[in-house]
Amino acid sequence: MFHRKYLGALGAAAMSVALAACSNTATPTAAKPAVSHSSAASSPASSSPTPQAAVLTKAQLTSALLPLSQMPAGWSTTSDPSTGDKTFCDYRQPHKVQVKVLRTFQKGGGLTATVASVGIRQYASASDAAESFAAMEKALESCHKETYEGSVLKYSPMSVDKLGDRSLGVRIDSDNGTALQQFTLDGPTLINVGTGGLTDAEADTATKLLRDQVDRYEAAARK
């Protein structure tokens with residue numbers, strides 16, 4: 001049965017992935033990955049730069065997460081799952097995440113249950129975040145399928161809104177359902193939104209949540 005633990009694991013595979021793209025305990029590699037044009041759908045740099053590069057406290061980042069009051073009707077909050085250190089196909093991250101915050105939601109039950117998450121991972125600098133985004137993008141050029149905790153996960157590129165500095169999307173299919181992961185590089189952070197379910201992953205909801213989460217983070221970074 002599909003449940004929020006599944007989406008949490010996928011998120012961790014993406015931002016550490018956590019609901020998420022970067023391993024929180026990875027040892028920095030000697031060489032820095034070059035920015036590549038991934039097979040995963042990725043947007044070019046935004047024409048209007050993001051509010052540069054305020055490094056926020058954990059309390060500020062937590063406050064910047066989308067609250068329940070900004071969710072569409074029918075959602076409730078859940079206890080936040082552990083994101084772990086799983087990355088897509090176990091690729092190595094070049095930099096360690098300094099602060100990570102996550103909020104998860106659920107709607108419905110049984111076969112129609114849907115889960116959603118919003119997360120922010122902050123690095124020491126915008127350049128560290130950009131190199132970490134590039135590492136994920138490069139990994140997804142060759143990582144199209146893997147087995148994780150007994151489930152075969154299939155990764156497909158997904159179109160996303162052009163937000164922040166760069167964005168990419170990944171569709172994750174398995175026997176347990178489908179998860180949609182969207183990532184935006186925004187200054188020193190990687191912002192992630194994920195939705196998932198057995199029968200409906202709610203693509204429109206994922207798109208709206210990413211826009212709203214990026215707007216909310218950028219408002220906090222301007223203060």
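Under the 4.0 Å criterion applied to side-chain N and carboxylate O atoms, D212 and K208 are assigned as salt-bridge partners.
Here the closest non-hydrogen pair linking A64 and A220 is CB-CB, 4.0 Å. Scanning all heavy atoms of the two residues, the minimum distance from T87 to E146 falls at O-OE2, 3.9 Å. Minimum interatomic distance between T112 and G109 (heavy atoms only, all atoms of both residues): OG1-O, 3.0 Å. Residues C89 and K145 approach most closely at SG-O, 4.1 Å, considering heavy atoms. The minimum heavy-atom distance between K58 and K100, with the atom names listed, is CE-O, 4.0 Å. Across Y217 and A54, no two heavy atoms sit closer than the pair OH-O, 3.9 Å.
Looking at I191 and L210, their side chains come closer than 4.5 Å, going by heavy atoms from C-beta outward. Using a 4.5 Å heavy-atom threshold, the side chains of W75 and T205 count as touching. When side chains are defined from C-beta on, R216 counts as touching Q70, because their heavy atoms get closer than 4.5 Å. Contact check for L190 versus Y123: side-chain heavy atoms found under the 4.5 Å cut-off. Side chains of M158 and V170 form no contact here, defined as non-hydrogen atoms less than 4.5 Å apart. At a threshold of 4.5 Å between non-hydrogen side-chain atoms, the residues H95 and S127 do not count as touching. Considering only heavy atoms from C-beta on, Y91 stays 4.5 Å or farther from L140 through its side chain. Proximity of F133 to L168: side-chain heavy atoms (C-beta onward) are separated by under 4.5 Å at one or more points.
Rounding to the nearest 0.5 angstrom, the gap separating the OG1 atom in T114 from the CD atom in Q106 is 10.0 Å. Once rounded to the nearest 0.5 Å, the distance linking CD of Q213 with OG of S117 reads 10.0 Å. Taking CG of L180 as the start and OG1 of T195 as the end, the distance is 4.0 Å to the nearest 0.5 Å. Distance check: D165 CG to L185 CG gives 4.5 Å after rounding to the nearest 0.5 Å. Here the CG-CG distance, from L65 to L102, works out to 7.5 Å after rounding to the nearest 0.5 Å. Rounding to the nearest 0.5 Å gives a distance of 7.5 Å between CZ of F105 and CG of L209.
At distances below 3.5 Å, at least one donor-acceptor pair connects side-chain atoms of Q98 with backbone N or O atoms of K96.
Put simply, the residue from D186, T184, D161 that forms a side chain to side chain donor-acceptor pair (under 3.5 Å) with S167 is T184.
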(message) Would M71 and K107 count as a side chain to side chain contact (heavy atoms under 4.5 Å, CB included) here? Give the steps.
(response) CA-CA 11 Å; M71 293 291 290; K107 182 175 72 169; over 6 Å; no
